[in-house]
Trainee: 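Take a look at this one; I'll ask things after.
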There are 2 protein chains.
Amino acid sequence: MALILEDLDLWKLDSLVAVNRQLRLLLRSRIIRNDLKPDDKISEPGLARQYGVSRQPVREAFITLAHEGLVEILPQRGTVVCRIDYEAVLDCRFIREAFEADVMGKLTSKPNDQLVANLRKQIRAQKRIGRRKPGHFMELDEKFHRTLADAAGLKRAWDFIDSTKAQMDRVRFLSSEEFPITRLIDQHTQIVDCIEQQDSAGAEEAVRNHLREILQSLPKIHALYPDHFDHFRDTEF
Amino acid sequence: MALILEDLDLWKLDSLVAVNRQLRLLLRSRIIRNDLKPDDKISEPGLARQYGVSRQPVREAFITLAHEGLVEILPQRGTVVCRIDYEAVLDCRFIREAFEADVMGKLTSKPNDQLVANLRKQIRAQKRIGRRKPGHFMELDEKFHRTLADAAGLKRAWDFIDSTKAQMDRVRFLSSEEFPITRLIDQHTQIVDCIEQQDSAGAEEAVRNHLREILQSLPKIHALYPDHFDHFRDTEF
DNA sequence: CTCTAGCTACTTGTATGGAAGTAGGCAAGC
DNA sequence: GCTTGCCTACTTCCATACAAGTAGCTAGAG
């Protein structure tokens with residue numbers, strides 16, 4: 001997620017920072033937050049007028065977003081916001097599960113009291129804030145998992161995972177109201193317990209179960225927003 | 001790897017395809033194949049003149065390459081070819097190991113004679129061609145692993161993995177002469193054997209061992225080409 | 001009414017000019 | 001000798017103009 005801007009309406013361009021970069025972050029946030037919806041047509045001159053800049057930076061933002069699979073550029077025809085790639089979401093989740101399972105193996109190989117304390121503190125914050133603002137839980141969850149990767153000395157690895165998560169983040173935003181927050185927090189607790197006890201197998205199973213939650217909500221979201229997805233593949237496990 | 005162009009010198013621009021895209025692939029190949037070396041300065045007008053196009057497409061290619069971590073754009077200062085990110089290589093390898101280990105779990109859950117036959121055929125080709133042209137073994141190896149992911153129904157997942165492999169591919173190109181090809185092929189055989197026998201644990205261990213080979217060669221490559229790398233982190237496992 | 005040809009209004013792709021900023025050389029002043 | 005200030009040559013960044021291709025509408029022919 002890294003950078004999902006908030007208060008999109010209030011956002012104004014800062015002349016000190018490259019417009020190119022600002023537009024890239026802004027448009028990505030608008031797509032993930034479902035402000036720009038699938039199949040919406042967006043054009044370089046259109047957005048250029050809207051933000052009072054030239055076509056050039058807008059175009060460069062489009063190219064980057066196309067590379068991330070968020071928009072599709074059809075030469076001489078236009079640019080549209082991509083539908084959520086159902087298969088990509090599943091595959092991305094698969095990679096995450098495999099990765100984080102192995103992360104558990106590294107974290108349980110030696111004790112790390114400081115990490116455990118940090119994680120428990122985060123969980124308390126999740127319980128406190130998660131109830132009131134479900135939208136903010138997503139950020140806290142993100143931070144929790146990033147902390148795990150960092151502690152394993154895999155900071156760069158998480159950046160890679162992060163860059164492929166755009167599609168999954170769109171789903172998570174759509175389903176932010178549906179989050180079984182209480183259960184997710186319990187799973188976080190379970191993970192930390194296993195880490196503390198250096199229970200490798202337990203931690204791995206816990207994190208796998210945790211990351212399979214989205215498999216429960218994904219079909220529901222698909223049913224609620226069928227037009228937001230492209231294909232539907234019913235075989236996974 | 002997807003698209004690493006060959007015969008870079010013979011490459012001429014095709015007016016039918018977007019110059020933007022052609023330059024992106026061309027420059028990426030030149031970097032991975034060590035034609036453009038780390039710390040080389042490249043500039044928009046320079047390459048524009050070299051290829052007889054305007055600065056615009058060159059610039060767009062730069063932006064994409066920067067996003068892949070192959071070049072670094074320093075505003076108003078210039079653009080340089082990045083050194084190989086040692087930590088990124090290690091982390092990328094870690095993700096690959098985790099991913100492919102889980103792929104083994106899926107592949108051994110049910111028999112797949114067709115897949116096994118396909119893989120054995122590929123291994124025969126590896127033995128045949130690998131000896132003569134070590135450079136080509138890289139492509140065959142790539143194909144082998146892609147086949148595994150495809151068979152597990154994780155085509156998109158491999159695309160993600162692939163997009164993060166640029167740094168690792170640079171290492172592999174530098175070390176293509178050093179490849180212990182015979183051992184790698186033996187490991188391929190071992191993997192296929194385990195898949196055929198639906199030996200989940202065995203397949204997982206085999207593929208993990210296989211993907212840890214680069215940990216052996218990486219320090220050697222670093223010693224041979226110290227200027228090609230940036231940082232050196234000596235703690236991994 | 002149906003179909004087709006052409007025109008118009010869009011789109012993205014490329015080229016080019018200028019704005020802003022940086023690095024380095026070089027000379028004047030201390 | 002050392003520092004300071006300017007000046008030049010470079011870079012990336014943004015704006016604008018033009019080229020080329022596409023979709024859709026409209027008018028005319030059958």
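Here is the naming used below: chain letters follow the sequence lines, and residue numbers restart at 1 for every chain.
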Trainee: Starting from P on D:dC14, measure out to CD on A:E60 and report it in whole angstrom.
Mentor: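 Rounded to whole Å, this separation is 7 Å.
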Trainee: So, using side-chain hydrogen bond (donor to acceptor under 3.5 Å, both in side chains) as the criterion, who are the partners of A:E213 when residues are at least two apart?
Mentor: A:R183, A:Q187
Trainee: Out of D:dT12, C:dT12, D:dA15, which nucleotide sits closest to the side chain of A:P45?
Mentor: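 The answer is C:dT12, which lies nearest to the side chain.
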Trainee: Rounded to the nearest Å, what distance is computed from the CZ atom of residue B:R59 to the P atom of nucleotide C:dG18?
Mentor: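 So the CZ-P distance, B:R59 to C:dG18, works out to 18 Å.
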Trainee: For the side chain of A:D102 and the backbone of A:F99, is there at least one donor-acceptor N/O pair under 3.5 Å apart?
Mentor: no
Trainee: Within the 4.0 Å heavy-atom criterion, would you say A:I42 contacts the bases, only the backbone, or no part of the nucleic acid?
Mentor: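 Since only primed, P, OP1 and OP2 atoms lie under 4.0 Å of A:I42, the category is sugar-phosphate.
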Trainee: Out of D:dT12, C:dA15, D:dA15, which has the shortest distance to the side chain of A:V53?
Mentor: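 Comparing D:dT12, C:dA15, D:dA15 against the side chain of A:V53, the answer is D:dA15.
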Trainee: Considering the options B:R172, B:R146, B:H136, B:Q122, which one meets the side chain to side chain donor-acceptor pair (under 3.5 Å) requirement together with B:D141?
Mentor: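 The side chain to side chain donor-acceptor pair (under 3.5 Å) with B:D141 is passed solely by B:R172 among B:R172, B:R146, B:H136, B:Q122.
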Trainee: Closer than 4.0 Å, any side-chain N/O of B:T79 to the OP1 or OP2 of D:dT12?
Mentor: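 Indeed, a polar side-chain atom of B:T79 lies that close.
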Trainee: Whole angstrom is fine here: how far is it from OH in B:Y51 over to P in C:dA15?
Mentor: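 Taking atom P of C:dA15 as the reference, OH of B:Y51 is at 15 Å.
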Trainee: Starting at CZ of A:F62 and ending at C1' of C:dG13, how long is that distance when rounded to a whole Å?
Mentor: 14 Å
Trainee: Given atom CG of B:L74 and atom P of D:dT11, what is their separation to the nearest angstrom?
Mentor: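 After rounding, the reported distance stands at 13 Å.
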Trainee: Provide, to the nearest angstrom, the distance between the CG atom belonging to A:L47 and the P atom belonging to D:dA15.
Mentor: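 So the CG-P distance, A:L47 to D:dA15, works out to 14 Å.
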Trainee: Do B:S163 and B:E68 get their side chains close enough for a donor-acceptor pair, meaning under 3.5 Å?
Mentor: no
Trainee: Treating A:K106 as the side-chain partner and A:V103 as the backbone partner, does any N or O pair qualify as donor plus acceptor under 3.5 Å?
Mentor: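 No; judged by distance alone, with no hydrogens or angles, the pair does not exist.
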Trainee: Do the side chains of B:R59 and A:E60 get close enough for a salt bridge, i.e. N-O under 4.0 angstrom?
Mentor: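 A:E60 and B:R59: salt-bridged.
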Trainee: Whole Å only: how far is the CZ atom of B:R49 from the C1' atom of C:dA15?
Mentor: 15 Å
Trainee: Are A:R170 and A:K165 packed together at the side-chain level, in the sense that at least one heavy-atom pair is separated by less than 4.5 angstrom?
Mentor: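 Answer no - side chains too far apart.
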Trainee: For C:dA15, does OP1 or OP2 lie under 4.0 Å from any side-chain N or O of B:S54?
Mentor: yes
Trainee: Summarise how protein sits on nucleotides 19-24 of chain D as a single string, 5' to 3': B when a protein heavy atom is under 4.0 Å from the base, S for sugar-phosphate-only contact, - for no contact.
Mentor: -BBSS-
Trainee: To the nearest Å, how far apart are B:I63 CD1 and D:dC14 C1'?
Mentor: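 Value for this atom pair: 11 Å.
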